[in-house]
Amino acid sequence: IPGSDTSFSGIYTLVIQSDSGCISTGFVEVEIQTLVSPEIIITDDTLCAGQPFTLTTQNYTGNVIYQWFQVDPSGDTIVSMTTEPSFIFTPVVTGNYSFYAIVTQDTCSSLPGPSVFVNVVPIPSALIGDISPVYCIYDTLFLSPAVIIDTLDYLWMGPNGFVSND
């Protein structure tokens, strides 16, 4: 039945009659499935490079395969196939990422779900400025990062319970 949809689900009956009038009957129950497009859920849309995060979608019944795609200008790429409704991805390169999923079951496939977007930012470098490794008692110790960027927060910790955000 070309173009069948869920309204064609049900019991089909086959009746065969021979030239001599003998009748045989067979039955088959057919379920035509609709796989709803999976919607990916993420907990945060801005992450640090190298920080793993989990893509999650709704759970489907039966034996399904979740196909996880990364949108790329040169063409979408399957980055993983799982039997569970989640996938852990670890971006190593900074930039904007986009993902969507497709669910397959038997010979059926869902349409692609809506894309989710993740911005991967660089990890700041904790380089310490040049200081003398040896000081005399009562000398003033000047601690400073090699580069100060106004948008970053700084926290120093050290021996004897020393804590400073200056």
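Bear in mind that the values here come from a model prediction, so they are computed numbers and not experimental data.
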According to the side-chain hydrogen bond (donor to acceptor under 3.5 Å, both in side chains) rule, which pairs have a member within residues 110-123, sequence neighbours left out? none
What pair of heavy atoms forms the shortest contact from [X] to [Y], and how long is it?
X: Gly62; Y: Gln105; answer: CA-NE2, 3.5 Å
X: Ser37; Y: Gln58; answer: O-NE2, 3.5 Å
X: Ser86; Y: Thr82; answer: O-OG1, 3.7 Å
X: Ala49; Y: Ile123; answer: O-CD1, 3.1 Å

Side-chain touch [X]/[Y], heavy atoms, less than 4.5 angstrom:
X: Phe162; Y: Leu143; value: yes
X: Thr56; Y: Ile40; value: no
X: Val163; Y: Leu155; value: yes
X: Val71; Y: Phe99; value: no

Test item: side-chain donor near acceptor, Ser18 and Ser20, under 3.5 Å: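 Yes.
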Hey, does the side chain of [X] reach the backbone of [Y] with a donor-acceptor pair shorter than 3.5 angstrom?
X: Asp44; Y: Thr46; value: yes
X: Thr104; Y: Cys108; value: no
X: Thr25; Y: Val15; value: no
X: Gln51; Y: Pro91; value: no
X: Thr57; Y: Glu39; value: yes

Spatial distance of atom [atom1] ([X]) from atom [atom2] ([Y]) [nearest 0.5 Å]:
X: Thr43; Y: Leu55; atom1: OG1; atom2: CG; value: 9.5 Å
X: Asn59; Y: Glu84; atom1: CG; atom2: CD; value: 7.5 Å
X: Leu47; Y: Thr90; atom1: CG; atom2: OG1; value: 10.0 Å
X: Asn63; Y: Asp106; atom1: CG; atom2: CG; value: 7.5 Å
X: Ser144; Y: Asp130; atom1: OG; atom2: CG; value: 10.0 Å
X: Ser109; Y: Gln67; atom1: OG; atom2: CD; value: 6.5 Å

Does the pair Asp139 and Leu141 meet the rule for a side-chain contact (heavy atoms from CB on, under 4.5 Å), with working shown? CA-CA 6 Å; Asp139 281 351; Leu141 174 60; over 6 Å; no
Pair listing, ring-ring contact (aromatic ring centres under 6.0 Å, His included) test, anchored in residues 100-159, at least two apart: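 Output for this query lists Phe69-Tyr100.
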Can you name the one residue among Tyr66, Trp68, Tyr60 that meets side-chain contact (heavy atoms from CB on, under 4.5 Å) with Pro38?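 Considering Tyr66, Trp68, Tyr60, a side-chain contact (heavy atoms from CB on, under 4.5 Å) with Pro38 is found only for Tyr60.
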Could you tell me whether Ile88 atom CD1 has more than 12 heavy atoms of other residues or ligands within 6.0 Å of it?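 Open: at most 12 neighbouring heavy atoms sit under 6.0 Å from CD1 of Ile88.
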Examine [X] and [Y] and state if one hydrophobic cluster contains both, with Ile, Leu, Val, Met, Phe, Trp and Tyr joined whenever side-chain heavy atoms are less than 4.5 Å apart.
X: Val121; Y: Val92; answer: no
X: Met157; Y: Ile148; answer: no
X: Phe87; Y: Ile102; answer: no

What residues form a side-chain hydrogen bond (donor to acceptor under 3.5 Å, both in side chains) with Ser74, not counting sequence neighbours?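 Testing Ser74 for side-chain hydrogen bond (donor to acceptor under 3.5 Å, both in side chains), a comparison that skips the adjacent residues, returns Asp72.
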Going through the distances and angles, do Tyr12 and Ile1 end up as a side-chain contact (heavy atoms from CB on, under 4.5 Å)? CA-CA 12 Å; Tyr12 288 81; Ile1 304 172; 3.7 Å; yes
